[in-house]
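Okay, structure first, notes after.
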Amino acid sequence: MTALGIIGIILAFALLMYMIMKGFNIYLTVFVCTLVVAVTSQMNIYDAYKVHFMTGFTTFFKNNYLIFLTGTLMAKAMDITGAAKSIAKTIIKVMGTEWAFISVPVACGVLCYGGVSAFVCSFAVFPIALQVFRAADLPRRGIPGALCFGCSTFAMIAPGAVQIHNNVPATELGTSYMAGAVNGFMACGFMLVAGIIYLHFWLSKAKKNGEHFIAKEGDDFGEEGDSHLPNFVVSLLPLVITIVLVNVKFNGVAIAPVEAGVLAGAVSAVVLMIKYINPKELPKHFADGAAMALLSITNTCAVNGFGGVASNSPVFGDIVSAMVNLPGPKLLGLVIGTTVIAGICGSASGGLGIAVPILGPVYTQLGIAPSIVHRVMALSSSALDSLPHNGYIVTVTNGLCRETHKDSYGLTFALTVIIPFIGSLVGVALFTLFPNLP
C-alpha cells in the first residue's frame, strides 16, 4: 500500500498541475485530485472530503480571510486614487529611461513591499514601462519579465513585507513579519542584484541581436502628464503607515495587528487623496474589492483543502521523512519541500498554506528556530510558484502585456524561478552559518 499511496500522491500532484495549466476549474481540479489520493491511499472517501478537505479549506479561510480582504482594499485604494501610478512614475523618472531595466522592477518592488498586490503593481507600472522601454529602445517582450521579477520575488517575500507570504508562516508559527530579518534581507538582496544583472545581460544581448522596441496595436503610452496624479510623498504615506503599524513594536508587540495596519493604510489612502476619486463610488469599489478578496481566498482554500487530504494520507509521513533526511543542511529539505508544493499549486501563498502547517512543526521540533523556518519557507515559496501555469504569470504575460510565453517566458523563468531558487539556497547557507542573527 505504501508504494501505491506514494504513486497516488505523485500522480495527484502531477494531475493538479496539468489540469490547472489546461484551464480546468480549480474546484473540479482539486476534487478530482483529492479522489486520486483517497483511492490510492485507501482512505475513506467521504471522510477525505468531509473531514480532511474541509478542515484544510476552512482553516486557511479562518486564518487569512481578513488579510486577503484588507489587502485587496488597500490595493484598490492605491489604484483608484492614482497613488500606485504616481509612485511608479516618480521612481522611473528619477532613475531615467537609460536605467529602464532597473526602474521597472524597483517601482514594482516598492509597491509590493508596502502591501499592494502583485496584480495592481503590474497594472500600475505597465503603461509606464511601455514608455521607458520605448525611449530606451528595449525589446518589448522583456516587459513581462521585468514586471514579474519586481512583483513576485525579492519584495514579496522580504522581511517586513506586508504580504500573505509573511502572514501565513507568522500565523502558523507565531513569528513576526520581520522573522529572520538580517539573513532574509541579504538573501532578498542577492535576488535583487542577481536579477538586475541578468535582466541587463538579457536586454543587452537582445539589442545586439538586432531587437528593438516594436509597439503593438492598442498600446497606451500614458503621456497625459502628472497633473491628475497625487503627489509622490502623499502617495507613499499609506505604504509607510502600513509598514510602520505592522512592523514597529513596543514591548514586543506590534502597534497594530496586520489586518488593522493594512486597513489603516487603505483608509489613509482614501482620506489623503479623496480629491482624486468620486466619494459616491466608494461603496462600489468596496464591494468590488470584497468580491475579489472572496474569490481569491476561496480559490486558494480549495488548493489547501486538497493539501489537507494529501497530508492526512497514511504515506505522507514517509514523504516528509524523506525530505527531512536529505543529505546536506537540515534546511535543504525544507526548501525543496516548500518550493515543490508551491510549484504544484502554481501559487506561493497556496503552497505556503499547505506546506507551513505540515513542514513547519517538523523542523521546529528538530530544534530550528521558528523565525528561521518562517523566512526559509517564505524565500523558497517564490521559485517554482512562477511556472507557466501560475495565474499571475499568465495574466501579466498574455493578458496585460499581450506577449506569448514562447517570446517572453524564458526571461521570466530565469528571473522568477532560477534566481529565487538560488536565493533560497543562499538563505539556507546564511541561516546554517549564522543561525543566531536577528
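In this chain, residues are counted from 1 in sequence order.
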_Can you confirm whether Leu236 sits close enough to Val110 that some side-chain heavy atom of one is under 4.5 Å from a side-chain heavy atom of the other?_
yes
Interatomic distance, CD1@Ile368 vs CZ@Phe431, rounded to 0.5 Å, equals 11.0 Å
Ala260 meets the side chain to side chain contact (heavy atoms under 4.5 Å, CB included) criterion, sequence neighbours left out, with Ala256, Pro257
Contact between Phe434 and Val182 at the side-chain level, heavy atoms closer than 4.5 Å - yes or no?
no
Closest non-hydrogen contact found for Ala146 with Leu415 is N-CD1, 4.4 Å
*asked:* Do Val162 and Tyr113 make a side-chain contact, defined as non-hydrogen atoms from C-beta onward lying under 4.5 Å apart?
replied: no
Contacts satisfying salt bridge (Lys or Arg N to Asp or Glu O under 4.0 Å) that involve residues 136-163 (not counting sequence neighbours) are Arg140-Asp219, Arg140-Glu403, Arg141-Glu211
Discussion item. Donor-acceptor check, side chain of Thr338 to backbone of Val335, threshold 3.5 angstrom: yes or no?
Written reply: no
For Met156 and Ser382 the tightest heavy-atom approach is CE-CB, 3.9 Å
Here the gap from Ile297 atom CD1 to Lys62 atom NZ, rounded to the nearest 0.5 Å, amounts to 13.0 Å
CA sep, side-chain torsions, deciding dist, call: Leu237, Ser268, side-chain contact (heavy atoms from CB on, under 4.5 Å): CA-CA 8 Å; Leu237 282 177; Ser268 67; over 6 Å; no
Donor-acceptor check, side chain of Gln163 to backbone of Val116, threshold 3.5 angstrom: yes or no?
yes
Can you confirm whether the side chains of Tyr392 and Asp385 place a donor and an acceptor under 3.5 Å from each other? no
Original post:
Within the side chain of Ser408, is there an N or O that forms a donor-acceptor pair under 3.5 Å with the backbone of His405?
Top reply: no
Sorted by chain and residue number, the side chain to side chain contact (heavy atoms under 4.5 Å, CB included) partners of Leu11 (sequence neighbours excluded) come out as Val36
### Pairwise side-chain contact, Phe232 with Ile87, heavy-atom cut-off 4.5 Å (strictly under)
yes
request  = State whether the number of non-hydrogen atoms from other residues, nucleotides or ligands found under 6.0 Å of Lys216 atom NZ is greater than 12.
outcome  = yes
**OP:** Please report the C-alpha distance between Val125 and Leu111 in whole Å, then the side-chain angles of each, then the deciding distance to 0.1 Å, and finally whether the side-chain contact (heavy atoms from CB on, under 4.5 Å) criterion is met.
**Re:** CA-CA 10 Å; Val125 177; Leu111 291 168; 4.1 Å; yes
Closest non-hydrogen atoms of Ile358 and Ser311, given as atom of the first, atom of the second and distance, are CD1-CB, 3.2 Å
**Asked** Between the main-chain N or O of Ile157 and the side-chain N or O of Asn166, is there a donor-acceptor pair closer than 3.5 Å?
**Response** no
Rounded to the nearest 0.5 angstrom, the CD-CZ distance for Glu172 and Phe60 is 9.0 Å
Query raised in the report: Under 3.5 Å, is there a donor-acceptor pair between the side chain of Thr59 and the main chain of Gly56?
Result: no
**Request:** Please test Ile143 against Leu130 for side-chain contact (heavy atoms from CB on, under 4.5 Å), starting from the C-alpha separation and ending with a verdict.
**Result:** CA-CA 8 Å; Ile143 294 178; Leu130 280 176; 3.8 Å; yes
Query raised in the report: So, do Val426 and Met186 sit near enough that their side-chain heavy atoms are less than 4.5 Å apart?
Result: no
Side-chain contact test, heavy atoms from C-beta onward, threshold under 4.5 Å: evaluate it for Leu379 versus Pro420 and give yes or no. no
Counting heavy atoms not belonging to Tyr27, are there more than 12 under 6.0 Å from its OH? yes
Could you pull out all donor-acceptor pairs under 3.5 Å where a side-chain atom in residues 70-77 meets a protein atom, sequence neighbours excluded?
| residue | atom | partner | partner atom | Å |
| --- | --- | --- | --- | --- |
| Thr70 | OG1 | Leu66 | O | 2.8 |
| Thr70 | OG1 | Ile67 | O | 3.4 |
| Thr72 | OG1 | Phe68 | O | 2.7 |

Contacts of Thr432 meeting side chain to side chain contact (heavy atoms under 4.5 Å, CB included) (sequence neighbours excluded), chain-then-number -> Pro329, Leu331, Val428
Check: Under 3.5 Å, side chain of Asn278 to main-chain N/O of Lys280, donor-acceptor pair present?
Finding: yes
So CG of Leu411 and OH of Tyr409: to nearest 0.5 Å the spacing works out to 11.0 Å
Here the pair of heavy atoms bringing Lys207 nearest to Pro139 is CG-CD, 4.2 Å
Trace of the side-chain contact (heavy atoms from CB on, under 4.5 Å) decision for Arg375 with Thr175: CA-CA 10 Å; Arg375 188 54 50 205; Thr175 48; over 6 Å; no
Nearest heavy-atom approach of Asn167 to Asn63 is ND2-O, 4.0 Å
Would you mind writing out the side-chain donor-acceptor pairs for residues 147-155 within the sub-3.5 Å range, not counting sequence neighbours?
| residue | atom | partner | partner atom | Å |
| --- | --- | --- | --- | --- |
| Ser152 | OG | Cys148 | O | 2.6 |
| Thr153 | OG1 | Phe149 | O | 2.5 |

Q.
So does Leu334 get a backbone contact from the side chain of Tyr363, meaning a donor-acceptor N/O pair under 3.5 Å?
A. yes
* Asked: Does a side-chain heavy-atom distance below 4.5 Å link Thr404 with Asp407?
  -> yes
Report yes if some heavy atom in the side chain of Ile372 is under 4.5 Å from a heavy atom in the side chain of Pro435; otherwise report no. yes
In terms of heavy-atom contacts, Leu173 and Gly360 come closest through CD2-CA, 4.1 Å
dist Tyr65:OH -> Leu294:CG (nearest 0.5 Å) comes out at 5.5 Å
| field | Test of ring centre spacing under 6.0 Å for Phe306 and Phe57 | value | no
Please check if the side chain of Tyr276 supplies one atom and the backbone of Val270 the other of a donor-acceptor pair under 3.5 Å. no
Q.
I'd like to know if the side chain of Ser204 reaches the main chain of Phe201, judged simply by a donor and an acceptor atom lying under 3.5 Å from each other, with no hydrogens or angles considered.
A. no
The reported gap from CE in Met191 to CD1 in Ile196 (rounded to nearest 0.5 angstrom) is 13.5 Å
Exercise. Kindly say whether Pro230 contributes a backbone atom to a donor-acceptor pair with the side chain of Ser86 at under 3.5 angstrom?
Key: yes
